[in-house]
Amino acid sequence: MSGPSDYQPSNPALQWIERRLPIIGLVHSSFVVYPTPRNLNYWWTFGAILSFMLGMQILTGVVLAMHYTPHADLAFKSVELIVRDVNYGWLLRNMHACGASMFFFAVYVHMLRGLYYGSYKEAREVLWILGVIIYLLMMATGFMGYVLPWGQMSFWGATVITNLFSAIPYVGESIVTLLWGGYSVGNPTLNRFFSLHYLLPFLIAGVVVLHVWALHVAGQNNPDGVEPKTEKDTVPFTPHATIKDGFGVACFLLLYAWFIFYMPNYLGDADNYIPANPGVTPPHIVPEWYYLPFYAILRSIPNKLAGVIGMFSAIIILCFLPWLDAAKTRSSKYRPLAKQFFWIFVAVCILLGYLGAQPPEGIYVIAGRVLTVCYFAYFLIVLPLLSRIETPRPVPNSISEAILAKGGKAVASVAIALVAAGALFLGSLQDARASEGSERPPGNKWSFSGPFGKYDRGALQRGLKVYKEVCSSCHGLSYIAFRNLAEAGGPGYSVAQAAAFASDYKVKDGPNDAGDMFERPGRPADYFPSPFPNEQAARAANGGAAPPDLSLITKARSYGRGFPWFIFDFFTQYQEQGPDYVAAVLQGFEDKVPEGVTIPEGSYYNKYFPGHAIKMPKPLSDGQVTYDDGSPTTVAQYSKDVTTFLMWTAEPHMEARKRLGFQVFVFLIIFAGLMYFTKKKVWSDSH
């Protein structure tokens with residue numbers, strides 16, 4: 001990629017290969033002796049981080065695809081079975097799901113760095129355009145991947161986004177029908193998205209090869225925007241850039257591991273742990289955080305077609321950036337006005353992301369329209385105008401001269417912007433998921449919270465007893481097998497005890513030799529049987545409301561913590577909104593309905609339930625279940641115990657996850673430290 005190489009291996013076998021396929025020389029010229037500007041800062045390491053994340057997403061995606069079932073009736077369950085029954089399936093799922101967010105986080109830093117330092121200017125126009133193409137492919141891949149778990153948010157997100165194509169005149173309806181494979185989102189849609197989601201990452205990898213090729217042809221830009229003139233301005237790619245990128249990747253892996261092992265659901269949506277239901281629309285259909293700015297632009301324009309055009313134009317306009325900004329000085333480091341407008345643009349993007357998670361009403365719509373105008377004005381008015389009227393500061397004559405005048409203001413500014421972006425994005429998501437019209441559940445002290453949290457075995461066993469004696473008459477546990485009760489990290493029963501517990505249940509089996517279905521005692525391999533034969537029977541027995549399966553209830557329920565708690569939650573690893581909510585609802589029943597509140601007939605008042613009207617009657621009362629260990633037989637204790645048990649049913653591998661996470665963190669900290677001191681040694685002579 002860097003042109004002809006004069007590299008000649010000494011090994012005869014390698015010489016034979018090199019004469020016929022000079023791939024070793026290509027690698028040597030492109031990734032070993034390739035001249036790299038010596039003034040590159042750590043923002044340039046995000047290119048290596050993105051390469052690593054792409055490889056990680058492809059690797060984990062291929063393995064997950066081996067176990068995934070792309071069928072509307074089986075997709076949701078297959079994902080849960082991957083997490084529960086595949087060896088380290090929970091790790092693969094977390095790495096892939098969290099990796100998508102980390103991938104987009106890194107690409108946004110990479111793009112902002114290119115925008116700030118003018119990496120799109122001559123002669124790197126093709127390099128920049130290829131980067132925009134990669135970004136578009138990433139957005140398509142991420143959207144299709146989000147649909148595959150086939151949860152509520154997946155299904156309705158697919159419905160809303162694909163419906164946008166219907167706004168295209170003449171061919172819109174045909175495109176939507178083609179995408180759906182029918183007249184609504186269903187099994188053909190899921191199959192199409194699965195196929196494309198599997199294919200597109202390899203297409204991204206191909207465009208990345210072209211991107212790197214274009215980079216090595218045009219040469220790397222640098223913070224000062226000065227082309228290398230002498231050998232003093234550059235250093236060999238290996239070991240200098242290699243070891244620096246290695247240290248940057250190691251630091252990034254610490255953030256990545258934080259989400260994988262301690263905050264796997266922090267960036268997700270609780271509704272996606274509810275199986276897709278075409279008959280129930282979620283109260284807030286919110287895309288993933290990395291789509292929010294463009295979603296805000298879409299919603300800010302009242303006309304559907306104009307909104308779609310605006311959304312896609314917000315991305316496509318990036319391709320024309322090399323010609324919209326005609327300034328001769330590349331780096332905003334030497335352009336005072338451009339630097340100020342750049343940070344205004346970053347703030348506009350952050351605010352658009354915030355508005356994208358808010359309901360499209362009132363002041364949010366007006367603000368969205370104003371910020372949409374500001375977004376496009378930056379590219380169409382500000383940059384062309386600045387290139388004509390701005391007087392830049394003097395640019396250094398060489399990279400060597402620029403190194404003597406290094407500053408850290410840009411680094412600090414970008415860091416502040418990224419922290420603010422993360423805070424607003426995540427905060428807006430939390431606000432969008434808040435329970436409307438209900439009190440915020442009180443926090444609890446859970447044994448399983450924190451980096452070293454473990455399940456209280458006594459609470460698990462007591463919670464199982466509460467479930468069996470109270471909850472099991474209405475609610476199933478379809479993802480829990482009796483054998484799970486004897487597995488590590490569970491309630492702590494022996495295999496014999498789990499088998500005895502299973503035998504207390506009657507399981508429908510068959511057909512037998514006569515072709516008849518029959519009942520038999522449960523076995524450890526059986527799953528907890530449902531109390532109803534089907535959903536219709538469940539609705540008929542419960543006043544029209546089907547009791548939900550409780551296997552995932554603590555992950556499928558949440559509430560908005562609001563500002564600034566969601567920031568504290570990240571650092572304290574607080575992930576227990578679901579358990580707090582479940583425990584609060586169990587204790588939130590009140591016999592007296594407050595004044596001004598109307599409850600429909602057949603419903604009960606619960607101060608923590610959204611809307612306050614719940615079909616389920618008060619399930620617990622003091623003294624209802626007898627504990628053998630002498631624990632208090634109160635509603636508060638019952639609620640906490642059964643919630644702990646339900647947290648285990650939702651996260652059976654939680655203890656293994658946190659234990660492995662601690663080991664990985666120790667390794668990464670040591671590895672990052674070694675990489676840092678190695679980098680210092682390698683770069684000591686170069687500075």
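Note that the numbering runs from 1 along the sequence shown for the chain. Since we're looking at a predicted model, the values are computed, not measured.
A donor-acceptor pair is defined here as one N or O able to donate and one able to accept, closer than 3.5 Å; no such pair exists between the side chain of Asn265 and the backbone of Gly268. Asn187 places a side-chain N or O within 3.5 Å of a backbone atom of Ala72 that can act as its donor or acceptor partner. Without hydrogens or angle criteria, Tyr262 side chain to Phe662 main chain gives a donor-acceptor distance under 3.5 Å. A side-chain donor-acceptor contact under 3.5 Å links Asp549 to the backbone of Ser478. Judged by distance alone, with hydrogens and angles left aside, the side-chain atoms of His284 form no donor-acceptor pair with the main-chain N or O of Val286 at under 3.5 Å. Looking at Glu80, its side chain never comes within 3.5 Å of a backbone N or O of Lys77 through a donor-acceptor pair. At distances below 3.5 Å, not a single donor-acceptor pair connects side-chain atoms of Glu288 with backbone N or O atoms of Tyr146. Judged purely by atom type and a 3.5 angstrom limit, Asp641 has no side-chain atom pairing as donor or acceptor with the backbone of Gly463. Remark: side-chain polar atoms of Lys640 are paired, donor with acceptor, to backbone N or O of Lys445 under 3.5 angstrom. Judged by distance alone, with hydrogens and angles left aside, the side-chain atoms of Tyr479 form no donor-acceptor pair with the main-chain N or O of Arg84 at under 3.5 Å.
Among all heavy-atom pairs drawn from Met647 and Tyr455, the shortest one is O-OH, 3.3 Å. Considering all non-hydrogen atoms of both residues, Leu485 and Ala498 come closest at CB-CB, 4.3 Å. The heavy-atom pair separating Pro491 from Trp648 by the smallest distance is CD-CZ2, 3.7 Å. Between Cys474 and Pro547, the closest heavy-atom pair is O-CB, 3.5 Å. For the residue pair Asn277 and Trp156, the shortest heavy atom distance occurs at O-NE1, 3.3 Å. For the residue pair Ala270 and Ser558, the shortest heavy atom distance occurs at CB-CB, 3.8 Å.
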Steps toward side chain to side chain contact (heavy atoms under 4.5 Å, CB included) verdict (Met138, Phe103): CA-CA 9 Å; Met138 282 179 59; Phe103 203 178; 3.8 Å; yes
Residues Asp569, Gln577; criterion side chain to side chain contact (heavy atoms under 4.5 Å, CB included); working and verdict: CA-CA 10 Å; Asp569 290 347; Gln577 293 95 328; 3.6 Å; yes
CA sep, side-chain torsions, deciding dist, call: Asp271, Lys555, salt bridge (Lys or Arg N to Asp or Glu O under 4.0 Å): CA-CA 9 Å; Asp271 279 346; Lys555 289 164 68 173; over 6 Å; no
Residue pair Leu550, Thr649: steps toward the side chain to side chain contact (heavy atoms under 4.5 Å, CB included) verdict: CA-CA 8 Å; Leu550 297 183; Thr649 65; 5.8 Å; no
Intermediate values then yes/no, side chain to side chain contact (heavy atoms under 4.5 Å, CB included), His67 and Leu81: CA-CA 9 Å; His67 303 277; Leu81 292 180; over 6 Å; no
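Residues Phe247 and Tyr676 place their aromatic rings such that the two centres sit under 6.0 Å apart. The ring of Tyr290 has its center no closer than 6.0 angstrom to the ring center of Phe105. Aromatic ring centres of Tyr608 and Tyr581: separated by at least 6.0 Å. Centroid-to-centroid, the aromatic rings of Tyr627 and Tyr638 come within less than 6.0 Å. You'll find the ring centres of Phe570 and Tyr574 outside the 6.0 Å limit. Checked against the 6.0 Å centroid threshold, Phe143 and Phe193 count as a close aromatic pair.
Using a 4.5 Å heavy-atom cutoff, the side chains of Tyr273 and Arg557 are not in contact. Contact check for Phe259 versus Pro264: no side-chain heavy atoms found under the 4.5 Å cut-off. Contact check for Glu576 versus Thr554: no side-chain heavy atoms found under the 4.5 Å cut-off. Taking 4.5 Å as the limit, every side-chain heavy atom of Glu651 sits out of range of all side-chain heavy atoms of Trp90. The side-chain heavy atoms of Leu64 and Ile82, taken from C-beta on, include a pair separated by under 4.5 Å. Met153 places a side-chain heavy atom less than 4.5 Å from the side chain of Pro282. Proximity of Arg659 to Phe452: side-chain heavy atoms (C-beta onward) are nowhere separated by under 4.5 Å. Looking only at side-chain heavy atoms (C-beta outward), Asn94 and Arg657 come within less than 4.5 Å of each other.
Atom CZ of Phe202 sits in a crowded spot, with more than 12 heavy atoms from other residues, nucleotides or ligands closer than 6.0 Å. Applying the 6.0 Å contact sphere to CZ of Phe518 captures more than 12 heavy atoms from other residues, nucleotides or ligands.
When only modelled atom types and interatomic distance are considered, Tyr108 and Tyr135 share a side-chain donor-acceptor pair under 3.5 Å.
Taking the six-membered ring where tryptophan is involved, the planes of Tyr467 and Phe528 are perpendicular, since the angle between them exceeds 60° and thus also 30°. In this pair, His96 and His197 present their aromatic rings perpendicular. The plane angle is above 60°, beyond the 30 to 60° band. Note: Phe667 and Phe671 have parallel aromatic rings, judged against thresholds of 30 and 60 degrees for the angle between ring planes.
Between Phe52 atom CZ and Thr45 atom OG1 the span is 13.0 Å, to the nearest 0.5 Å. Between the CE atom in Met144 and the OG atom in Ser195 there is a gap of 10.0 Å [rounded to 0.5 Å]. Here the CZ-NE2 distance, from Phe104 to His110, works out to 14.0 Å after rounding to the nearest 0.5 Å. Atom-to-atom distance recorded for Ile49:CD1 and Cys251:SG is 8.5 Å, nearest 0.5 angstrom. Between atom OG of residue Ser51 and atom CE of residue Met56 there is a gap of 12.5 Å, rounded to the nearest 0.5 Å. The OH atom of Tyr266 sits 11.5 Å away from the OG atom of Ser101 when rounded to the nearest 0.5 Å.
Looking at Asp526 and Lys508, no side-chain N of the basic residue comes within less than 4.0 Å of a carboxylate O on the acidic one, giving no salt bridge. Looking at Lys468 and Asp504, a side-chain N of the basic residue comes within less than 4.0 Å of a carboxylate O on the acidic one, giving a salt bridge.
Partner of Trp446 under the side-chain hydrogen bond (donor to acceptor under 3.5 Å, both in side chains) criterion, out of Thr643, Asp580, Thr644: Asp580 alone.
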